[in-house]
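Encoded as structure tokens, the structure appears first; notes follow it.
In what follows, chains are A, B, ... by sequence order, proteins preceding strands, each numbered from 1.
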Amino acid sequence: MTTHGYRTHDCNYLRKIDIGKTVTLAGWVNVTRDHGGVIFIDLRDREGLTQVVFRPEESAELAKRSHSLRSEDVIQVTGRVAPRLPGTENPKLPTGDIEVLPSEMSILNKAHDLPFQIDTDIHNEDLRLTYRYFDLRRPQLARNLRMRHAVTKATRDYLDSQGFIEVETPILSKSTPEGARDFLVPSRLTPGKFYALPQAPQQYKQLLMVGGVEKYFQIAKCFRDEDLRADRQPEFTQIDIEASFVRPEDIYALTEGMLAAIFKAARKIDIKLPFDRLTYREAVGKYGSDKPDRRFGMELVDLGEDFRASSFKVFRGALDAGGVVKAINAKSFALLTIGQSDELTEIAKTFGAKGLAFIKVEGGEWKSPIVKFFSDAEKNALKTKLNVEEGDLILFAADKWEVATEVLGRIRLRIAEMQKLIVDLTKLDFLWVTDFPLLQFSAEENKWNAVHHPFTRPKAEDVALLDEEKFSEVRAEAYDVVLNGVEIGGGSIRIHEPDLQDKMFGVLGISPQDRQSMFGHLLRAFQLGAPPHGGIAMGLDRLVMLVCGEESIRDVMAFPKNNRGMDLMSQSPADVDPRQLRDLGIKLAAGDARAPSGKESPPKK
RNA sequence: GGAGCCUUAGCUCAAUUGGUUAGAGCGCCGCCCUGUCACGGCGGAGGUUGCGGGUUCGAGCCCCGUAGGCUCCGCCA
């Protein structure tokens, strides 16, 4: 970018070759080193640092004024590029061979008392979020923003190269019954009615396929009114992709190519293609999770065959009831603390186990309350299958498949944290999880819900099961892409036939009237020449988080909200003027909502 | 809705496990310092230990409650 007046170069530009030039720089005072006589300033802009030196013998007046400079003042200096005195060069700085001797200096903006220092660690996230615009100057956040840009740019470039076009879809949209709670927007022009902010552009992207777009993508804002987490914000961004006349293989190849382009652009690394694939049954059976972290071992081992006729009632009973017996071997963890042991038991109970059976191998002995019930054959089976050695801790779960796998999966992850098993933090383990179940029974609602969403296609060979009402066995043409135990994207091939879609709505317990009022447009669209189609949505925030090595998506968003969904900087959500509510035909319920309390914010103009 | 951890100066943290006047570094203010690069030196200001209650001769520390923050479960793909 050319600059007119404010500066001639950025703060990471000048080198030896520029010595003698007269330049103008502008930026923030990073640090001052005031020697009483000579004063050094590290001037910072987003590109880097340049040392500026004020010397009384060059300009007494300037040197005097420079004493008042403090960190984060914004200044502009014009001066001569000079070599540093021999022996005072700074090899740590790219500009460390030179310095600027100003003949002019103006303070563009004075920084008053700082809420915290830019160059020190700060853990008070409350304070950081309140002064987010200030926190963004810290190198780490500045880097994250640029990394995010590199990711979205690589995404757009790659998808463009594959013939995809970016299409925007509405933010003011329609509430749908399935999925997360919607954010609602009252309509002034149709009082009493509401828009909903989109949880994802799902229906729109399918309708774009009906519209003949064939290859669509969008870097799309999505909104879900649910509780927050380190990796969940009420508004977040998806890389949303949909294509016509595709099979899962097409989506896999496209996604892998895109991720390769992203990691190449952002991190200059080549990721290994193609990704491994696990079915949902394999992933959960082996790792106790549908988003397995395979950067460490400790896999779940199935012991059903070995204990089918066991005299140990707990195991035998679980198997007789159609359940499973599984175990993990936490290598060299026999000496865990009481606290750790209690915590693991607590996890087991939280996720539905009655208890947590264990064997500690100490001094050549199997220390365990249950081992006395095992036959020699059973012990030998354990020893072989679990590779039991001195110092190991074996943990068992005997329950329904779903419970036993989840319990051990959660414990596996916690033990990996306790033992710090993930040593290589640069490792990237991508994989596909395929063949998800289509439906899941909700005991709470006493009905079947879509695991993915209601538009997901059942696998062709499982459609018959749908008619037989064997809902738990129906697999979906759906897939997730997982990186290091984090689900970074998911998608499916969709239903494009009105009768199949209608059948699906029926299974989900949506009445014929509701189908028409809520999805009539979609069903009609499917009667006007709908191509087979499918796609995927990638969680951009989570992806960038992993690219940056961060542990929270808040650190890769410019202006995130805190745990309670509040923006501490702008103090939103906030009261609104009563007139705004009146225009919308909204009355706050007395007592419940924090209705007008006398102390209101002044009316907006 | 539930569980865990946390809350001491503007920031990051200490406080000998219940003992006299709550300290340090950075930052801030003042003075000194002409080659530093986390410059240095001397001095100073800055605290209702989140808030409320209790136990005790005595509480930053123990107990109860409460607020806020973060992490997790529920919830959410």
Legend entry - Contact letters for nucleotides 65-77 of chain B, in which S counts primed atoms plus P, OP1 and OP2 and B counts the base, heavy atoms under 4.0 Å: ---SSBBSBBBBB

Legend entry - Aromatic ring proximity F116(A)/F134(A), centre distance under 6.0 Å: yes

Legend entry - Which residue lies more 5' along RNA chain B, comparing P56(A) with D121(A) via nearest heavy atoms: D121(A)

Inset, instruction - For T32(A), enumerate each residue passing the side-chain hydrogen bond (donor to acceptor under 3.5 Å, both in side chains) test, keeping only those at least two apart in sequence or located in another chain. - result: none

Legend entry - Pairing nucleotide - G60(B), Watson-Crick or G-U, each distance under 3.5 Å: none

Inset, instruction - Sticking with atom C1', work out how far U49(B) lies from C33(B), rounded to a whole angstrom. - result: 38 Å

Inset, instruction - List in chain and number order the residues that pass side-chain hydrogen bond (donor to acceptor under 3.5 Å, both in side chains) with T169(A), two or more places apart in sequence or in another chain; answer none if no residue qualifies. - result: Q218(A)

Inset, instruction - Over all heavy atoms of both residues, which pair between V433(A) and P292(A) is shortest? Give the atoms and the distance, please. - result: CG2-CD, 4.1 Å

Legend entry - Residues touching RNA chain B, which here means a heavy atom under 4.0 Å, drawn from residues 72-85 of chain A: R84(A), L85(A)

Legend entry - All pairs passing salt bridge (charged side-chain N to carboxylate O under 4.0 Å, His left out) where residues 533-544 of chain A contributes a residue, at least two apart: R148(A)-D541(A), D231(A)-R542(A)

Inset, instruction - Report yes if the distance between the aromatic ring centroids of F519(A) and F505(A) is under 6.0 Å, otherwise no. - result: yes

Inset, instruction - Round to the nearest Å and state the distance from R44(A) atom CZ to A38(B) atom P. - result: 15 Å

Legend entry - CA sep, side-chain torsions, deciding dist, call: L259(A), V481(A), side-chain contact (heavy atoms from CB on, under 4.5 Å): CA-CA 10 Å; L259(A) 285 168; V481(A) 57; 4.2 Å; yes

Inset, instruction - Could you list the residues that satisfy side-chain hydrogen bond (donor to acceptor under 3.5 Å, both in side chains) with Q419(A), not counting sequence neighbours? - result: none

Legend entry - RNA chain B: 5'-proximal contact among H123(A) and E57(A) (nearest heavy atom): H123(A)

Inset, instruction - Would you give the length of the straight line joining atom CG of L43(A) to atom SG of C11(A), rounded to the nearest 0.5 angstrom? - result: 4.0 Å

Inset, instruction - For F40(A) and C39(B), give me the distance from atom CZ to atom C1', rounded to whole Å. - result: 9 Å

Legend entry - Phosphate-side-chain proximity, R33(A) and U36(B), N/O vs OP1/OP2 below 4.0 Å: no

Legend entry - side-chain hydrogen bond (donor to acceptor under 3.5 Å, both in side chains) involving R475(A) - partner list, sequence neighbours excluded: D462(A)

Inset, instruction - Check each residue of residues 89-102 of chain A for a non-hydrogen atom within less than 4.0 Å of any atom in RNA chain B, then write out the ones that pass by number, or none. - result: E89(A), N90(A), K92(A), E99(A)

Legend entry - Torsion-based syn/anti label for U17(B), 90° from 0 as limit: syn

Legend entry - Between U34(B) (P) and K64(A) (NZ): distance, integer Å: 17 Å

Legend entry - ring-ring contact (aromatic ring centres under 6.0 Å, His included) contacts in which one or both residues fall within residues 31-81 of chain A, not counting sequence neighbours: H35(A)-F40(A)

Legend entry - Nucleotide paired to G43(B) in any strand shown, Watson-Crick or G-U, under 3.5 Å: C29(B)

Inset, instruction - Considering only atom P, compute the distance from C57(B) to G40(B) and round it to an integer number of Å. - result: 50 Å

Inset, instruction - Can you sort out the partners of L141(A) under side chain to side chain contact (heavy atoms under 4.5 Å, CB included), two or more places apart, ordered by chain and number? - result: R128(A), R132(A), D135(A), L136(A), N144(A), D555(A)

Legend entry - Distance, rounded to the nearest Å, where D113(A) contributes CG and G46(B) contributes C1': 11 Å

Legend entry - Heavy-atom side-chain proximity of V284(A) to E402(A) below 4.5 angstrom: no

Could you list the protein-to-nucleotides 5-10 of chain B atom pairs, N/O on both sides, closer than 3.5 Å?
unit_1: G10(B); atom_1: O2'; unit_2: P115(A); atom_2: O; d: 2.8
unit_1: G10(B); atom_1: N2; unit_2: Q117(A); atom_2: OE1; d: 3.2

Legend entry - Opposite nucleotide pairing with G74(B), Watson-Crick or G-U, both atom distances under 3.5 Å: none

Inset, instruction - Please work out which of the three classes, parallel, tilted or perpendicular, describes the rings of Y133(A) and Y131(A), given edges at 30° and 60°. - result: perpendicular

Legend entry - Stacking of H35(A) on U36(B) base (centres under 5.5 Å, planes under 30°): no

Legend entry - Nucleotide forming a Watson-Crick or wobble pair with G50(B), both distances under 3.5 Å: U66(B)

Inset, instruction - For A24(B), give its Watson-Crick or G-U wobble partner with both distances under 3.5 Å, or none. - result: U12(B)

Legend entry - Value in whole Å for how far the P atom of G27(B) lies from CZ of F134(A): 13 Å

Legend entry - Value in whole Å for how far the C1' atom of C28(B) lies from CZ of R70(A): 9 Å

Inset, instruction - For Y216(A), enumerate each residue passing the ring-ring contact (aromatic ring centres under 6.0 Å, His included) test, keeping only those at least two apart in sequence or located in another chain. - result: none

